[in-house]
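Chain naming here is simple, since letters A, B, ... match the order of the sequence lines and numbering starts at 1 in each. Values in this document were obtained by computation on a predicted structure and should not be read as measured data.
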Protein chains: 2
Amino acid sequence: MNLLFKALGDPTRRQIIDLLRKRDMNAGEIADYFSISKPSISHHLDLLKQANVVLSIKEGQFITYSLNTTVFDEMVKWVIDISDKQTKKAKSKK
Amino acid sequence: MNLLFKALGDPTRRQIIDLLRKRDMNAGEIADYFSISKPSISHHLDLLKQANVVLSIKEGQFITYSLNTTVFDEMVKWVIDISDKQTKKAKSKK
DNA sequence: AAAGTATTTAGATATTTGCCTAAATATATA
DNA sequence: TATATATTTAGGCAAATATCTAAATACTTT
């Protein structure tokens with residue numbers, strides 16, 4: 001959960017997610033969308049991978065990255081849980 | 001959005017959220033749950049306030065903090081949006 | 001108004017993060 | 001096998017973050 005929120009707490013990484021929403025891409029293609037160096041993008045991809053937001057698969061010389069949206073389920077549960085307790089609290093005030 | 005994810009990307013701050021889920025609390029009460037200093041907690045509360053996750057209201061000598069769950073709506077929308085496009089992508093593959 | 005309580009602000013320090021360039025690794029191709 | 005291409009790893013630096021203690025601010029009570 002912490003890795004996930006940390007991964008999402010950076011604009012570049014959210015942009016990468018946004019790109020992968022449309023189609024899978026290899027590291028070089030992703031890097032081309034940004035003005036920062038490839039090693040930096042590689043590092044961002046690593047953090048996204050650690051947070052389980054993206055999956056990577058080696059295809060010959062390339063490494064293709066894809067989104068793994070299932071990790072967001074846990075996050076949404078967390079949010080709903082908080083909102084739920086809040087709703088109960090609000091109700092009990094009446 | 002960035003402030004929100006950054007705010008949530010820290011265990012202490014998520015614990016604070018967890019506490020406020022049950023009931024509103026003043027800064028001192030919150031600080032009592034942690035082994036870090038009051039100024040540090042005060043700083044965490046400030047970040048949560050900046051991210052609009054908590055609201056504060058001065059009650060005499062005390063400052064009471066409460067959760068503002070509406071800020072999560074935008075986040076859930078963001079997640080659903082991503083998952084949605086992913087679903088479409090998956091469908092189009094069939 | 002003086003003293004006590006609650007909280008924040010200020011300033012210092014250590015750690016983490018984001019970025020870079022250079023070098024290493026792995027695969028593909030001439 | 002030598003060279004080119006794709007990506008990562010390593011090492012370093014600057015900015016951001018998390019923490020601390022000491023001091024300031026604001027309110028309450030005696």
Please tell me which of the listed nucleotides, [options], lies nearest to the side chain of [X]?
X        : options                   : result
Lys6(B)  : dT8(D), dT8(C), dA16(D)   : dA16(D)
Ser40(B) : dT21(D), dT19(D), dT28(D) : dT19(D)
His44(B) : dA18(D), dT8(D), dT21(C)  : dA18(D)

Check the distance between [N]'s [atom2] and [X]'s [atom1] and give it to me in whole angstrom.
X        : N       : atom1 : atom2 : result
Met25(A) : dA6(D)  : CE    : P     : 15 Å
Leu48(A) : dT17(C) : CG    : C1'   : 14 Å
Leu8(A)  : dT17(C) : CG    : C1'   : 16 Å
Ile63(A) : dA26(C) : CD1   : C1'   : 9 Å
Leu45(B) : dT19(D) : CG    : C1'   : 15 Å
Asp32(B) : dA6(C)  : CG    : P     : 9 Å
Ile16(A) : dT7(D)  : CD1   : P     : 13 Å
Asp46(A) : dT25(C) : CG    : P     : 18 Å

Mapping Ser35(B) and Lys49(A) onto DNA chain D by nearest heavy atom, which one lands closer to the 5' end?
Lys49(A)

Tell me if the aromatic rings of Phe5(B) and Trp78(B) count as close, with their centers under 6.0 Å from one another.
yes

Picking from Val54(B), Thr12(B), Ile30(B), what satisfies side chain to side chain contact (heavy atoms under 4.5 Å, CB included) with His44(B)?
Thr12(B)

So which one's nearest nucleotide on DNA chain C is more toward 5', Pro39(A) or Lys58(A)?
Pro39(A)

5′-ward residue of the pair Leu47(A)/Phe62(A) relative to DNA chain C:
Leu47(A)

Check if the side chain of Gln61(A) and the base of dT5(D) share a donor-acceptor pair of N or O atoms closer than 3.5 Å.
yes

Once you apply a heavy-atom cut-off of 4.0 Å, does [X] come out as touching a base, just sugar-phosphate, or nothing?
X        : value
Tyr65(A) : sugar-phosphate
Asn26(B) : sugar-phosphate
His43(B) : base
Asp10(A) : sugar-phosphate

Is a donor on one side and an acceptor on the other found under 3.5 Å between the side chain of Glu29(A) and the backbone of Asn26(A)?
yes

Pair Arg21(B) + Asp84(A), salt bridge at N-O below 4.0 Å:
no

Is the closest basic N to carboxylate O distance between Asp10(A) and Lys6(A) below 4.0 Å?
no

Looking at Ser42(B), I'd like to know whether one of its side-chain N or O atoms comes within less than 4.0 Å of OP1 or OP2 on dT7(C).
no

